[in-house]
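Contents: one structure, followed by commentary.
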Amino acid sequence: MLDYVGLEEDLSAEEKLIRDTAREFVDEEVRPDIAEHYENGTFPTELIPEMGELGFYAPNLEGYGSPNVSERAYGVLMQELEACDSGLRSMASVQGALVMYPIHAFGSAAQKEEWLPALGEGEAVGCFGLTEPEHGSNPAGMETRAEKDADGYVLNGAKTWITNAPIADVAVVWARDVTDVDGDSDADAPIRGFLVETDRDGVTTNEIDGKLSMRASVTGEIGLNDARIPAENVLPDVEGMKGPLSCLTQARYGIAWGAVGAARDCFETARDYQRDRDQFGGPIARFQLQQDKFAEMATQITTAQLLAYRLADLKAQGRLRPQQVSMAKRNNVRMARDQARVAREMLGGNGITGDYSPMRHLSNMETVYTYEGTHDIHTLILGEDLTGIAAYQ
Ligand code: FAD
């Protein structure tokens with residue numbers, strides 16, 4: 001496997017074990033069928049509990065049965081999952097970074113007891129409802145409302161593009177708590193997180209069909225029509241956009257690592273193919289034009305890998321800033337998208353089939369480039385950090 005400057009040699013024994021466990025799981029359980037799942041637009045849901053048993057959901061958290069592994073181990077895990085398919089990594093990212101993390105960071109003791117072990121073991125599935133039909137890149141404009149009465153909260157609104165929603169038992173829904181707001185405008189109402197069980201009356205989770213990217217992942221909408229939840233389902237310890245944004249930082253960290261895995265798989269596939277495939281009397285890997293592509297691909301993957309490793313150190317030291325995560329998400333996903341395209345072309349006509357991974361990775365990267373903050377939005381985050389001037393509006 002491409003690891004040009006030997007970063008994996010520095011992994012601890014536990015980190016290597018986690019990498020090897022994930023690699024073996026992917027090779028034995030997922031890779032053989034992933035092209036079929038992709039073609040059919042399905043996720044291998046039967047593997048969800050096994051992924052839990054193997055510790056793939058938020059293993060970097062402390063307590064509640066979580067092994068509290070290093071940030072590097074978590075990163076390497078995301079890398080191995082996405083080397084197979086972004087849908088697999090998305091499942092683990094959403095469950096761990098977007099559902100377990102906010103419950104762990106902002107939840108009550110009862111919420112943690114109820115949900116963290118079940119989610120960690122893959123007995124329950126979670127989803128994260130932030131995006132709305134009219135509010136994507138600017139989630140602070142959200143319109144979903146929660147209003148408290150004597151029996152709890154009543155939620156109304158719609159979320160869309162929600163990974164796992166149709167198979168989820170619980171949704172972390174971000175909504176405006178309009179309980180204490182006077183007047184007509186909800187804009188000043190605080191944003192809070194609500195744990196919404198998907199089998200409650202007034203909650204619907206329809207699947208979004210017809211995706212041409214991230215096909216081996218279940219995506220849906222969440223409809224909230226006078227959906228009632230008990231008052232104790234609100235996440236007590238956070239208010240405002242820092243709630244959802246802090247979750248996104250965790251997930252984006254995993255994406256920065258995962259994208260390296262997808263690009264590495266494209267490189268390996270192209271290298272195997274080009275060493276094997278003969279044209280003009282010998283393997284096509286001997287042509288200088290092709291070797292230029294290998295050299296560039298390996299260099300881009302290695303520099304992205306270095307950024308991911310540095311992020312892990314900063315995160316472990318508690319020094320990681322969200323803007324640094326933005327840089328890595330932005331760079332590493334663009335890199336993976338670019339290199340997947342190069343790998344695809346290096347496979348000629350066979351490269352457009354499901355028999356090889358690059359076209360699938362390339363297509364997945366269109367989603368990864370867009371979700372968790374589009375490439376443009378991360379550019380603006382960096383622009384503001386570097387100049388002190390915000391340019392969002
Ligand atoms: P828009 O915000 O409408 O943007 C359209 C284009 O305009 C983009 O290119 C964008 O970069 C650009 N743009 C917008 N604002 C600016 C600006 N100020 N300056 C310059 N350019 C700008 N969301 C969840 O909450 N939970 C999930 O689990 C989830 N999973 C997803 C899974 C998939 C498969 C997909 C495709 C999306 C998912 N999302 C999820 C939603 C995702 O986060 C949003 O699609 C994303 O934030 C972009 O929002 P949008 O699609 O509304 O695009």
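All residue numbers in this chain count up from 1 along the given sequence. Everything numeric here is computed off the predicted structure, so don't read it as measured data. Atoms within each ligand, like the ligands themselves, are counted from 1 in listed order. What's counted below: heavy atoms across the whole structure, side chains too, no hydrogens, waters or symmetry copies.
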Out of curiosity, [X] [atom1] to [Y] [atom2], how far, rounded to the nearest 0.5 Å?
X    : Y    : atom1 : atom2 : value
Q274 : I284 : CD    : CD1   : 4.0 Å
S137 : Y392 : OG    : OH    : 11.0 Å
K329 : L248 : NZ    : CG    : 10.0 Å

Selection from [options] by shortest heavy-atom distance to [atom]:
atom                    : options               : result
atom 38 (C) of ligand 1 : W161, W174, Y369      : W161
atom 50 (P) of ligand 1 : A165, G136, S86, A171 : G136
atom 48 (C) of ligand 1 : T374, T219, I162      : T374

Identify, by atom number and element, the atoms of ligand 1 in contact range of [X], meaning under 4.0 Å from any of its heavy atoms.
X    : value
L380 : 17 (C), 18 (N), 19 (N)
L130 : 25 (O)
E372 : 43 (O)
T370 : 45 (O), 46 (C)
Y392 : 18 (N)

Write out the residue and atom name of the closest protein heavy atom to [atom], then the distance separating them to 0.1 Å.
atom                    : result
atom 16 (C) of ligand 1 : I377 CD1, 4.1 Å
atom 15 (N) of ligand 1 : S137 CB, 3.9 Å
atom 24 (C) of ligand 1 : T131 OG1, 3.3 Å
atom 33 (C) of ligand 1 : T367 CG2, 3.8 Å
atom 9 (O) of ligand 1  : D376 OD2, 3.4 Å
atom 26 (N) of ligand 1 : F128 O, 2.9 Å
atom 28 (O) of ligand 1 : T163 N, 3.0 Å

Protein contact for [atom] (heavy atom, distance under 4.0 Å):
atom                    : answer
atom 6 (C) of ligand 1  : no
atom 52 (O) of ligand 1 : yes
atom 3 (O) of ligand 1  : no
atom 41 (C) of ligand 1 : yes

Item to complete: Locate the shortest heavy-atom distance separating E8 from R264; write the atom from each residue and the value.
Response: OE2-NH1, 4.0 Å

Item to complete: List the atom of E15, the atom of S70, and the distance in Å for their closest heavy-atom pair.
Response: OE2-OG, 2.6 Å

Practice prompt. Using side chain to side chain contact (heavy atoms under 4.5 Å, CB included) as the criterion, point out the one residue from I229, N156, V154, T144 that pairs with L224.
Written response: T144

Discussion item. For Y74 and W257, I'd like to know if the aromatic rings sit close, meaning centre-to-centre distance below 6.0 Å.
Written reply: no

Worksheet item: Is there a heavy atom in H135 that sits closer than 4.0 Å to ligand 1?
Response: no

Worksheet entry | Salt bridge R89-E80, side-chain N to carboxylate O under 4.0 Å | no

Worksheet item: Between R215 and E39, is there a side-chain N and carboxylate O pair less than 4.0 Å apart?
Response: no

Discussion item. Looking at G202, is its backbone amide N or carbonyl O close enough to the side chain of N225 to form a donor-acceptor pair, meaning the two atoms are under 3.5 Å apart?
Written reply: no

Worksheet entry | Exam field: side chain Y253 to backbone E71, donor-acceptor pair closer than 3.5 Å | yes

Please tabulate, for the side chains in residues 45-58, all donor-acceptor contacts under 3.5 angstrom to protein atoms that are two or more places apart in sequence or on a different chain.
from : atom 1 : to  : atom 2 : distance (Å)
Y57  : OH     : I48 : O      : 2.8

Worksheet item: Do K211 and ligand 1 have an N or O pair less than 3.5 Å apart?
Response: no

Item to complete: Among residues two or more places apart or on two chains, list those pairs meeting salt bridge (Lys or Arg N to Asp or Glu O under 4.0 Å) that have a residue in residues 302-311.
Response: none

